[in-house]
Undergrad: 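Here it is: the structure, laid out below.
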Amino acid sequence: MIGAICPSVFEYRALDKAALRKKGVSLVQSGMGKLRAMHACAGLHRKHPKLKHILLLGKAGGLTDNLKIGEVIEPHLFIEQDYFAEPFEKFPNQIRRTRFKKRLPQSTETVMLTQDRFLTENPYREGPYAKKFKKISCDMESYAVAHYCEQTAIPYSVVKLISDSADETADHDFLKACRQLAPKLNQTVLEVVERFQG
């Protein structure tokens, strides 16, 4: 059994639920944000104790100019950007995939910044992340899914499509991308699932 988490209702509507069920996928629409994503992981794990894999799918913002709308990404490093508890914990919290394996040959590897707000401006265009990492994306769920799966030793993958450039037009671009990229998202998810079974 593969557990799949889709954050927003806009993304969820794009997916062929019947085809995914036939392929042994348990799909949940979690809602947006780290807390809801973590709750979805726990719910899938509770419902399917022998869960073999958790797949987070959907859309992400591109924080570097070399990520284009519609591009398929697979992050290898997850950074919890909005959690700050120094001096008690080091900032920022990071999870690096030690045995990272891309699910799709055409996807792009990125660093994923996760925070609990939808970005309509890009504070990362200049600064330490831009100097350190070549390709940076952002979302509101990936770090939580990576954290849960690392703690429970459940294999996981994050596959998303770039929907916007995290700028002043991001909210408009996100909704536009949800409409225009719906077939590509569905096709991408089905292809990922096929590769699990192959």
Undergrad: Is the count of non-hydrogen atoms from other residues, nucleotides or ligands lying under 6.0 Å from R36 atom CZ greater than 12?
TA: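 No - once you tally the heavy atoms of other residues, nucleotides and ligands closer than 6.0 Å, there are 12 at most.
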Undergrad: Is the backbone N or O of L63 less than 3.5 Å from a side-chain atom of N122, with the two atoms forming a donor-acceptor pair by type?
TA: yes
Undergrad: Is a side-chain donor or acceptor of E11 paired with a backbone partner of K59 at a separation under 3.5 angstrom?
TA: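 The answer is yes, because a donor-acceptor pair under 3.5 Å joins these two groups.
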Undergrad: For S142 and V158, work out which heavy atoms get closest and say how close.
TA: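 Distance-wise, the nearest heavy atoms are OG-CG1, 3.5 Å.
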Undergrad: Could you tell me which non-hydrogen atom of L27 sits nearest to which non-hydrogen atom of C6, and how far apart they are?
TA: CD1-CB, 4.1 Å
Undergrad: With a 4.0 Å cut-off, would you call R125 and D65 a salt bridge?
TA: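 Result for this pair is yes, salt bridge flagged.
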Undergrad: Hey, mind stepping through K52 and F196 against side-chain contact (heavy atoms from CB on, under 4.5 Å) and telling me if it holds?
TA: CA-CA 10 Å; K52 291 185 177 179; F196 281 120; over 6 Å; no
Undergrad: So, is the end of the K17 side chain (NZ or CZ) under 6.0 Å from the ring centre of Y12 and within 45° of the ring's axis?
TA: yes
Undergrad: Using the rule given for side-chain contact (heavy atoms from CB on, under 4.5 Å), can you reason through S157 versus V192, listing the C-alpha separation, both sets of side-chain angles and the distance that settles it, and then say yes or no?
TA: CA-CA 10 Å; S157 299; V192 171; 5.7 Å; no
Undergrad: Does the pair E194/K23 count as a salt bridge with the N-to-O cut at 4.0 Å?
TA: yes
Undergrad: Are Q29 and V9 packed together at the side-chain level, in the sense that at least one heavy-atom pair is separated by less than 4.5 angstrom?
TA: yes
Undergrad: Is the shortest side-chain heavy-atom distance between E80 and K34 below 4.5 Å?
TA: yes
Undergrad: How long is the gap from CG on L119 to CD on E121, to the nearest 0.5 Å?
TA: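 It is 7.5 Å, given to the nearest 0.5 Å.
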Undergrad: Keeping the roles fixed (side chain from K184, backbone from G70), state whether a donor-acceptor pair exists under 3.5 Å.
TA: yes
Undergrad: Working note: L56 + K160, criterion side-chain contact (heavy atoms from CB on, under 4.5 Å); need CA distance, chi angles, decisive distance, verdict.
TA: CA-CA 8 Å; L56 175 65; K160 294 202 170 192; 3.9 Å; yes
Undergrad: Is there a donor-acceptor contact under 3.5 Å from the side chain of H76 to the main chain of V111?
TA: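 Not a single qualifying donor-acceptor pair exists.
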Undergrad: So does L175 have more than 12 non-hydrogen atoms from other groups sitting under 6.0 Å from CG?
TA: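 Yes.
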Undergrad: Would you name the heavy atoms of A14 and N186 that are closest together and state the gap between them?
TA: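 In terms of heavy atoms, the two residues are closest at O-CB, 3.3 Å.
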Undergrad: So which heavy atom on T110 is nearest to which on I73, and how close?
TA: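 Nearest pair, atom of T110 first, then I73: CG2-CG2, 3.7 Å.
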Undergrad: Just by distance, no angles: are the side chains of H45 and T152 close enough, under 3.5 Å, to form a donor-acceptor pair?
TA: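 There is no such pair between these side chains.
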Undergrad: What's the separation between atom NE2 in H53 and atom CZ in R103, rounded to the nearest 0.5 Å?
TA: 4.5 Å
Undergrad: Which pair of non-hydrogen atoms, one from Q94 and one from L77, has the smallest distance, and what is that distance?
TA: OE1-CD1, 3.8 Å
Undergrad: State plainly whether the residues R97 and E74 are in salt-bridge range, i.e. N to O under 4.0 Å.
TA: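 E74 and R97: not salt-bridged.
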Undergrad: If you take all heavy atoms of H48 and S26, which pair is closest and at what distance?
TA: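 The pair with the smallest heavy-atom distance is NE2-OG, 3.1 Å.
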Undergrad: Can you confirm whether or not the ring centre of F174 sits under 6.0 Å from the ring centre of F118?
TA: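 Yes, the ring of F174 comes within the 6.0 Å limit of the ring of F118, centre to centre.
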Undergrad: How about Q115 and D82: does a side-chain donor come under 3.5 Å of a side-chain acceptor?
TA: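 No, D82 and Q115 have no side-chain donor paired with an acceptor closer than 3.5 Å.
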Undergrad: Crowded around Y156 OH? As in, over 12 foreign heavy atoms under 6.0 Å?
TA: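 Result for OH/Y156: enclosed.
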